[in-house]
Amino acid sequence: MITTMKRRRGRGENEKDAKKQKLLNELGQSQLPYLTPKDDGFHQLWKTKYSKLVLRNAETIPQDVHREVQEAFGLLQKHACLFQDLVRIKGKDFVTPVSRILIGNPGYTYKYLNTRLFTVPWPVEGYEINYSHPEISKACEALIKLNEHLRRETVLALQEQNLSETKGTEDSVVTEKLQEEAAPVTESGCASPDQSAAHVPKNDCADLKERTSYNLTLLNYMDPQRMPFLKQEPYFGMGKMAVSWHHDENLVERSTVAVYSSCREEPDSHEKEAWCGRDPAVWHVALKVAWDIKTPGLAVPLYQGDCYLMLDDMNMTHQHCVLAGHQPRFSSTHRVAECSQGTLPYILGRCNAALENLHGDAALGCLALKSLDIGTIKGVEEIHNEVEFEWLRQFWFQGKRYQKCTDWWDQPMAVLEEHWRKMELMTSHLLCELRKEGQVEEQRKERIECLLPLLEERHELRQEWFVSSFLFEKITRFPEL
Ligand SMILES: O=C(O)CCC(=O)C(=O)O
Ligand SMILES: [Fe+2]
């Protein structure tokens, strides 16, 4: 818990840096090779080293999905629902060049680069959701529909890849069967209970469902004309990047990431053959094998409505980045977020557990702590830090952005804040108790030793948040500085 909370630089990051530096040294001045579709060997490279990247051209996606999703992008933009994030990389704060919004299951959150985003809920049964405008409701509906489409495509793609390992004439018959089955996925998530397990040996049923049930999508938008200071891709010379090299974080292990890409085509005016390497006017997703400078990189152009899938463990074995074209572009990136500590019911449960140690009535001012056991104290103060830094400050920091779309988080956040206030009281009660005379000295020492690191952490994190808020305010309000 505590380690995930820290915004400070961890040992892992330093090791990664050293590894990266070693690669850069080996590389020296030269640039690594990469292939695009106009290069010989592009398809061969894709097939051999990037086989878990699957492209679904726009033509394979139903027209109504395209229409509704593209309309949704326009509506979200019209209502100014997308925002640049302040993220923290290697201990430093950065504002992302892309603007984002998270849409997904009600009460879910997704943390990337130390920023926790909260979902604008898409409509699922059993939840009443107020949207601030019917057009935002419409947009969320389109995205859940796209989500379902991509989920089915993913099941098919995973099954096809496993089948491609089986031999001979059976292939086409089995593929046909699976395509029929992938359409309405049953409650169990398998194409058909009696067939799939036998044909898909590596992905057992429950697994397959878990690793394809996207629970949220992170939408990205960027207009390159308005972003003159994009970073150059450093290893291959691929040109300007909208999103730098990374692995997607906080996903269920071996889960697929599915991306819908939407970008108007360039009016056909630029010199087609004037460049070598990738076409700088066209958006691309680029991939490389992690920590490997022998395998050439791959740059795949993305045209209006194209989708790509990063299947299975591809997000772990490879890194990806997004190369900017000339036109504005939206993408919707569907993920299976690892949410064991990232949902509203989870954090409410934690708070309730902490408040169990509170005896009495806050309103009447007669409060007491039930137990001063070191285990209990530690547990409570950890939860106190968790709700403050992982939830409340994250939410406060992002200001009123969620209210542009929905009031969904207002009430739960007020409840969490109320819980946090009680925990503040609990800490001050605890400190009072520890100051009291007449305690067994040994016990008192033990309690202080258990409490101190947690209070120190709270203090440091409050300072960090203060500095970040100040910086963000400055950057967003006075970008010219
Ligand atoms: O826009 C894309 O194609 C992918 C963006 C991406 O990699 C991300 O949001 O993590
Ligand atoms: Fe990504």
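Counting starts at 1 for both ligands and their atoms, following the listed order.
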**OP:** Kindly say whether the aromatic ring centers of Trp122 and Tyr108 come within a distance under 6.0 Å.
**Re:** no

**OP:** Hey, can you tell me if Trp420 and Trp396 have their rings parallel, tilted or perpendicular (30° and 60° cut-offs)?
**Re:** perpendicular

Original post:
By atom name, which N, O or S atom of His320 is the nearest to the Fe ion (ligand 2)?
Top reply: NE2

Original post:
At a non-hydrogen distance cut-off of under 4.0 Å, which region of Val98 contacts ligand 1 (side chain, backbone, both, or neither)?
Top reply: neither

**OP:** On the 0 to 90° scale, with breaks at 30° and 60°, tag the Tyr221-Phe330 ring pair as parallel, tilted or perpendicular.
**Re:** tilted

**OP:** Check Gln319 against ligand 1 and report side chain, backbone, both or neither, counting heavy atoms closer than 4.0 Å.
**Re:** neither

Original post:
Got an N, O or S from His247 under 2.8 Å of the Fe ion (ligand 2)?
Top reply: no

Original post:
Is the distance between the ring centroids of Phe395 and Trp391 under 6.0 Å?
Top reply: no

**OP:** Could you pull out the atom name of the N/O/S atom in His246 that is nearest the Fe ion (ligand 2)?
**Re:** NE2

Original post:
In Asp248, the N, O or S atom nearest to the Fe ion (ligand 2) is which?
Top reply: OD1

Subject >> Taking atom 5 (C) of ligand 1 as the reference point, the nearest protein heavy atom with its distance >> reply: Asn220 ND2, 3.3 Å

Subject >> Identity of the nearest option to atom 4 (C) of ligand 1, non-hydrogen atoms only, from Trp245, Tyr112, Tyr308, Tyr221 >> reply: Tyr308

Subject >> Residue portion contacting ligand 1 (non-hydrogen atoms closer than 4.0 Å) for Arg329 >> reply: side chain

Original post:
Counting distance only, does the side-chain N/O of Asn57 pair as donor-acceptor with the main-chain N or O of Glu59 below 3.5 Å?
Top reply: no

Original post:
Nearest protein heavy atom to atom 8 (C) of ligand 1, by residue and atom, and its distance?
Top reply: Arg335 NH2, 3.2 Å

